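Values below: all heavy atoms of this structure, side chains included; hydrogens, waters and symmetry mates excluded. Bear in mind that the values here come from a model prediction, so they are computed numbers and not experimental data.
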Amino acid sequence: MGNAQPAAFAPCEAIFKAVRQRKKKETGEHHAIAGKKPAATRRAAVLIPTHLEQLDDELAATLLHNATQLKGHALEVVLPETCSPSWYEAFFQQHGIDGTVRLVQASYFGSPAAVNRMGTDPAFYRMYSEFDYILICHLDAWVYRDRLSYWMDQGYDFIGAPLFLPEDDKVHFLRRMAPFGSNGGLSLRRVSSCIRVLETFEPGRSPWRLAQAIWFLARNRRWGFITILFRLLRELSCDWHGTCQKYNIYEDVFFTIIAPLCGNRIAVPSSRTAMKFACEVNYPLFQKEILDLEPPLGIHGYDKYVDGDYLNYARGFFERKQIYYDVETPTALPLVSVIMIVKNLVTSGRMETFHQSLMSVVSQTYRPVEIVLVDGGSSDGTFETLQESYGHLSAIAFHRKTDRSVWEGMSNGIDFAKGSLIAFMNSDDYFCTSEAIALMVRRALATKADMVYGHTLLLTDQGPTPFPTHLPGVLNCFGLVHQATLIKKSVIRTIDPFTSNHVTAENYLFVAILVGGFAIAEVPDTIVHYRTGGLSSTLYSGSNFDATVTDYILYMKKLTTAGRYLSDDEIRLLYGFKGMSEIGAIRFVRLILKIRDRRLRNLLLRGTWEKVRQSGLRQRLKEKLLR
């Protein structure tokens, strides 16, 4: 799937193997193309080189996905002439894919040197001279979306995933990213430029590129590599072709590092630009720290460089985002769906509090509003009682669907909801002002926010007290009450929190919104009264506490880069600000400072400062009352 490492040590290998942590390029790559594409557009051809005559289920699924994403371009599987194209032809026909198979000389396959020979043979590129560009797409690449037209318009001659020096936990990953140079496993190449560089290569010097390379190696304290670099350039100046063969320099290194260093005219992007085209090593860090809601065109080496759980999450997230969030069109007066999940209110003695909750929604001044009332399978006549008592209210849509948890009930409510904006209201909480929804909608429209949140007053046995609302606190499973939020349905669909099996699903939703880059706005008013002692007090505490914290650790590692910098025990200390009491405020802050993700670190520091400030105010108030 990638290029195989050469057996012997070489100066070139010492630099460029380190620069990118290349994975072996097995002779058998996966993927096929054959034949010639009919005339439609000749701007780009997608090539899938492979020596495999047929694919297993996983690789076939990858091929189908990528072919579907890139269906607007000519698609070819490139096979050695010793292979039969029949499996791919049947596959294309079965799935309605307009793809072909091209049989090429077998000497292009069989060893790393052979694969590199294909990538550096002008005759190979001349086969595609009718195209402006070719996209090399190995079967260990996953394409998120088709943005080839955009990248072709940028005018680069070769672009692929950035390359890196080897792992070093003491150095931020971006510092180890080479200033230029691209991986070839998922790469866009201008056909005419590749032919020109291969036929007219001159082993000179580019002072600018050389300075970039030296500064990069010096900044990372790789002094020995600087010596190797000059030795390599000296050998290239004597016999560039022989040197490339001697050290088995991969074709992507040749085009994006050797050619620019030697002063040849080839347009390659900076790595800061290339990472938006494709990623390979460190992809999860790129996505969480930098890319946010915009994935690259694709990732290469997903089976080696991306944890399976995160890969499945990212695939699902961006597939749903394309379906729901990306296509949403705003309206001047959006329909708000207030979802109310109920079960066995009669036997639990909550009919009275439910009435207060429901009337607080009915009395809202904002229109249009629908109340999505979902009974989760009551066995005490709750659903019939509610229909009899409130059936005359046209704003209520009654639904009955058995659920196994409150989160499944909320998921059912999302399915039933017709509105583009979603609010949740529990049966023992209520809006404390008839303007609550109007305030949130106005704020959402004015700021184009994906989520709006307001403030909450807690109703406790000791009397009412303000809930310490603070957005960064969600990173500590704190900070927001979900009844005081208004969220786009498309956002909830994209994140899909209520079918995720996470214990604190609503906080999982908030963390995903906060760190994912969605737009958030605050309404600085108290809009909800929240009765303590309800479901959350038993769901998250007592015998369920340890499971809740373990679950928190899982989704913090999935949604943020915390797991890159902190151990599980250290992440555990973030939950509910436990570390402030267990290890002290100073050590707790030092713990947060270990995180090199600047945005995540700053959010956690803001949440910690707010917690300290609120605790201090409460303590001073308590002392004043005692005096």
Side-chain angles (χ1 to χ4, degrees), residues 1-3 25 29-38 40-50 59 62-79 88 92 97-102 104 108 115 118-121 124-162 181-195 197 250-252 255-256 266-269 273-280 283 295-302:
M1 297 194 190
N3 268 344
K25 202 171 208 187
E29 313 271 303
H30 313 289
H31 329 7
I33 308 186
K36 247 187 176 180
K37 186 84 176 159
T41 174
R42 309 314 309 160
R43 197 176 184 199
V46 178
L47 310 187
I48 308 165
T50 181
L59 292 178
T62 299
L63 175 59
L64 177 59
H65 170 83
N66 290 345
T68 302
Q69 289 293 322
L70 300 169
K71 61 185 178 182
H73 309 281
L75 178 68
E76 282 192 6
V77 170
V78 180
L79 283 177
Y88 295 96
F92 291 152
I97 298 172
D98 187 12
T100 56
V101 179
R102 184 188 295 267
V104 299
Y108 283 162
V115 174
M118 176 172 66
T120 54
D121 186 354
F124 171 75
Y125 293 96
R126 286 196 194 95
M127 289 190 287
Y128 301 96
S129 58
E130 63 186 299
F131 296 97
D132 293 331
Y133 285 89
I134 56 173
L135 177 74
I136 301 295
C137 184
H138 290 172
L139 278 184
D140 59 345
W142 183 267
V143 176
Y144 280 122
R145 54 184 180 169
D146 178 8
R147 297 199 70 208
L148 286 185
S149 294
Y150 168 83
W151 287 107
M152 288 187 288
D153 288 343
Q154 303 311 299
Y156 296 113
D157 294 323
F158 194 116
I159 182 170
S182 293
N183 176 271
L186 180 62
S187 57
L188 185 65
R189 312 177 187 195
R190 191 195 298 268
V191 175
S192 60
S193 296
C194 289
I195 296 172
V197 170
Y250 306 144
E251 90 277 0
D252 48 7
F255 282 118
T256 64
I266 182 168
V268 296
T273 298
M275 68 185 181
K276 298 175 183 178
F277 172 81
C279 298
E280 188 189 54
Y283 163 65
L297 177 142
I299 54 177
H300 175 244
Y302 67 78

Can you find a pair of side-chain heavy atoms, one from P269 and one from Q154, that are under 4.5 Å apart? no

Over all heavy atoms of both residues, which pair between C279 and M275 is shortest? Give the atoms and the distance, please. SG-O, 3.4 Å

For D153 and R43: C-alpha separation, side-chain torsions, deciding distance, then whether salt bridge (Lys or Arg N to Asp or Glu O under 4.0 Å) applies. CA-CA 11 Å; D153 288 343; R43 197 176 184 199; 2.7 Å; yes

Does the side chain of F92 come within less than 4.5 Å of T100's, by heavy atoms? no

Indicate yes or no for a side-chain donor-acceptor contact from T256 to the backbone of S182 under 3.5 Å, with no hydrogens or angles considered. yes

Step by step, would you call Y125 with V197 a side chain to side chain contact (heavy atoms under 4.5 Å, CB included)? CA-CA 11 Å; Y125 293 96; V197 170; over 6 Å; no

Kindly determine whether I266 and F255 satisfy side chain to side chain contact (heavy atoms under 4.5 Å, CB included), including the steps that lead there. CA-CA 8 Å; I266 182 168; F255 282 118; 4.0 Å; yes

Can you measure from OG1 (T68) to CG (L75) and round to the nearest 0.5 angstrom? 9.5 Å

Heavy-atom closest pair, residues G184 and I136: O-CG2, 3.6 Å

What is the minimum heavy-atom distance between A278 and L186, and which atoms define it? CB-CD2, 4.0 Å

Mind running side chain to side chain contact (heavy atoms under 4.5 Å, CB included) on D146 and H73 for me, showing each step along the way? CA-CA 10 Å; D146 178 8; H73 309 281; 2.9 Å; yes

Between H65 and W142, what is the ring plane arrangement, given parallel below 30°, perpendicular above 60°, and tilted in between? parallel

Minimum heavy-atom separation for P296 and Y283, please, with both atom names. CD-CE1, 4.0 Å

How are the rings of Y156 and W151 set to each other: parallel, tilted or perpendicular (split at 30° and 60°)? tilted

When rounded to the nearest 0.5 angstrom, what is the spacing between CZ in F158 and SG in C194? 6.5 Å

Output for pair (D140 CG, H300 NE2), nearest 0.5 Å, gives 3.5 Å

Out of curiosity, D252 CG to T120 OG1, how far, rounded to the nearest 0.5 Å? 11.0 Å

Which is it for D121 and Y108 under the side chain to side chain contact (heavy atoms under 4.5 Å, CB included) test, yes or no, and what are the steps along the way? CA-CA 10 Å; D121 186 354; Y108 283 162; 2.6 Å; yes

Compare every heavy atom of M118 with every heavy atom of P49, then report the nearest pair and how far apart it is. CB-CE, 4.2 Å

Paired with V46, the side chain to side chain contact (heavy atoms under 4.5 Å, CB included) test is passed by just one of N66, L188, I134, L135, namely L135

Do you know which two heavy atoms are closest between C137 and V143, and how far apart they sit? SG-CG2, 4.1 Å

If I take atom OG from residue S192 and atom OH from residue Y133, how far apart are they, to the nearest 0.5 angstrom? 8.0 Å

Any chance you could measure Q69, atom CD, to L64, atom CG, to the nearest 0.5 Å? 10.5 Å

